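Here the structure comes first, spelled out in structure tokens, and everything after it is commentary.
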Amino acid sequence: MASGTSRDVLGRGLRVLGRAIREQPRIFAVAVSGSVLFGLLVIASAYVVGGVVGDVVVPAVERGEVARGALALAATALFGISVLRVVGIFGRRLGAGYMQYRLQAAYRRRVTRRYLELPLAWHHRNSTGTLLSNANSDVEAAWYPIAPLPFAVGTLVMLVGAVASLFFTDWALALVGLAVFPALFALNVVYSRRMAPRQARAQRLRAEVSGIAHESFDGALVVKTMGREAQETARFASRAGELRDALISVGRLRGVFDPMLETLPSLGTLAVLVVGALRLREGAITVTELVSVAFLFTVLAFPVRAIGWVLAELPRSVAGWDRVRRVLDATGEMPYGTTTLDPATHEPATLAFDDVHFAYEPAEAHLPGAQVLGEVTFTVPAGKTVALVGPTGAGKSTIASLAVRLVDPGAGRITLDGVDVRELTAASLAATAALVAQVPFVFDDTVRANIALDRAGIGDDEVWAALRLAEADGFVAALPDGLDTMVGERGTSLSGGQRQRLTLARALAGRPRLLVLDDATSAVDPRVEAAILAGLRAPADGAPASILVVAYRRATIALADEVIYVEQGRVVARGTHTELLSTVPGYADLVTAYEQAEQEREQNRTYDEVTPLTSGLEVDR
């Protein structure tokens, strides 16, 4: 694999650069123009310096006096060339930097947009650390050679001009140039091929180190409570050590090749002086020509390195681009339709599952998917509350995800008001149905921003109304800054029940016509949960939503108009809570077990956490 990468890295890297040029042609043209101007002026400066030495300095030494007019003319020429070189450098660097940062910003947006388009099944197969690396370091790596690219293109033009000027000056000196310049290019190619596998491995390890770090930080609670600090530190240190060794390998290779790349132009200058001295003694060239050529080789040493910079970064660029392209080329997105439901209506929506089957995609394409749901058929009538009850792994959360189209069924239909959810526009679906997930997610922002989410038409009045309906207005009013209180990353300053009620208020603020609650009040006191569900069934504004709730508590289940009992991905029974208790033994055993477990938790717990932003202790009620 490494050898294959070594052989084709140059071609693949040039294709990546070609894509960059096609996407930013005007900016690239500006940068290359500046670089070409600089390169041509480097050649011009060499011949001006040669002219100054041969036509001004040497005659002045021979005569014992300086021709002031000639000296002034030489100084003016050198100054003018220097000014124009500054212009060229400015244009090259400004264009290259602007082009590089525009590409990085554009591809970060593309990668992030692609993340949001891809289904949850794809995300489940990729770690968060890898996704962060794709959007950050991989995008940077892909376009890193853009910075020296215009300089390298200008240098190629300069080399062609330099060889042409050498032939114009003297064929023997031109042969020296023809020996040195191809040798430089060949050395850079060998360098690039040797560097390719090292850079690819380093880029992969960057993602793995990022993934382990993110996993450890995100699971800090588990790590600390299970006493795994030393083991997690060792796991991170091991992979970080591998990354260190990979980067040292990269640096070691650079340490070998950089002196060689630096030495070749110097050897070229030495060869020019030796050959040029012989040609000067033969009368084939003048002092002016010898000094010009020698100076040209001296000033070419730095620009020629730009070619090496590009070739040296191509392996890293190819590795980063391959990882970025893997995201951009990923398949499985769920295209939305063009149908919209009446945005003016606030009547509850009707949700219907019709013979729905679903299987999660396997981690590897050749393996069969895990069947989760089969022949699921039920309806949530407009304005009614339907409870989903079943043992762990029965498919309840999958049904909740299907209801709001986080995933699509493998077979069957899911409809809202008779319209297949796959035919709805994204905006219409989001305005109609809202999901409150089992694990609440709160942004590191204010209470107001977490609920409103910059949605049009949601002001403070709507925010407070949603908070009241979620039984959250009391604790929010008690916060130091009310709606302007910062809740911390993932809402760390709030209790679990408070976070759940904030996410519920977030969903309610959009006035959905269908509300899907995936065990969304599990951390809330049972009495508060009962008040929330009662409020949702009969809100003060008189516009109740249809509710599909994944429930465990007997009190919650009893509030539902109908209970759907599922086992192993299939609907086993349906009816009222009372009917199922008396007719379905499995249901009765499950609800009784839930109730006993809840009672034990109530007896053992010390009523909710301390809320740092409020004064004293707050019971989550």
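A quick note: this is a predicted structure, and the numbers were derived from the prediction, not measured. One-based numbering along the sequence shown.
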Inset, instruction - Under the side chain to side chain contact (heavy atoms under 4.5 Å, CB included) rule, what do Leu402 and Leu373 come out as? Steps first, then yes or no, please. - result: CA-CA 11 Å; Leu402 286 163; Leu373 300 177; 3.4 Å; yes
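- Surrounding OH of Tyr144 are at most 12 heavy atoms belonging to other residues, nucleotides or ligands under 6.0 Å away.
- Ser401 contributes no side-chain N or O that, together with a main-chain N or O of Val407, makes up a donor-acceptor pair within less than 3.5 Å.
- Panel note: side chain Asp138, backbone Val324; no donor-acceptor pair is recorded below 3.5 Å.
- Counting non-hydrogen atoms of other residues, nucleotides and ligands closer than 6.0 Å to OH of Tyr101 gives a total of 12 or fewer.
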Legend entry - Chi angles and distances behind the side chain to side chain contact (heavy atoms under 4.5 Å, CB included) call for Arg499, Leu502: CA-CA 5 Å; Arg499 289 195 293 272; Leu502 277 190; 5.7 Å; no
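- For the atom pair Leu429 CG and Thr339 OG1, the distance stands at 12.0 Å (nearest 0.5 Å).
- Summarising the geometry of Pro145 relative to Ser317, their closest heavy-atom pair is CG-CB, 3.5 Å, with the distance given to 0.1 Å.
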Inset, instruction - Applying side chain to side chain contact (heavy atoms under 4.5 Å, CB included), run through Asn134 and Arg326 and close with a yes or a no. - result: CA-CA 9 Å; Asn134 292 152; Arg326 185 184 67 86; 3.5 Å; yes
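- A cation-pi arrangement, defined by a distance under 6.0 Å to the six-membered ring centre and an angle within 45 degrees of its axis, is present between Arg405 and Tyr336.
- Listed for the Ser45 side chain is a donor-acceptor partner under 3.5 Å among the backbone atoms of Val42.
- Atom-to-atom distance recorded for Arg279:CZ and Asp170:CG is 4.0 Å, nearest 0.5 angstrom.
- For the pair Arg19 and Trp143, the minimum side-chain heavy-atom distance is below 4.5 Å.
- Atom CZ of Phe167 is surrounded by more than 12 heavy atoms from other residues, nucleotides or ligands within 6.0 Å.
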Inset, instruction - List the steps, then state whether side chain to side chain contact (heavy atoms under 4.5 Å, CB included) holds for Arg455 with Arg506. - result: CA-CA 11 Å; Arg455 289 174 288 182; Arg506 175 195 298 159; 3.9 Å; yes
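- Proximity of a side-chain donor or acceptor of Ser249 to a complementary backbone N or O of Asp245 within less than 3.5 Å is not detected.
- Note: Tyr107 and Trp321 have perpendicular aromatic rings, judged against thresholds of 30 and 60 degrees for the angle between ring planes.
- Atom OH of Tyr98 is surrounded by 12 or fewer heavy atoms from other residues, nucleotides or ligands within 6.0 Å.
- Across all non-hydrogen atoms, the minimal contact from Val442 to Asn450 is CG1-OD1, 3.4 Å.
- A donor-acceptor pair is defined here as one N or O able to donate and one able to accept, closer than 3.5 Å; such a pair exists between the side chain of Arg108 and the backbone of Ala135.
- Judged by distance alone, the side chain of Thr432 and the main-chain N or O of Ser428 form a donor-acceptor pair under 3.5 Å.
- Closest approach of Ile43 to Ser165, counting heavy atoms only: CG2-OG, 4.3 Å.
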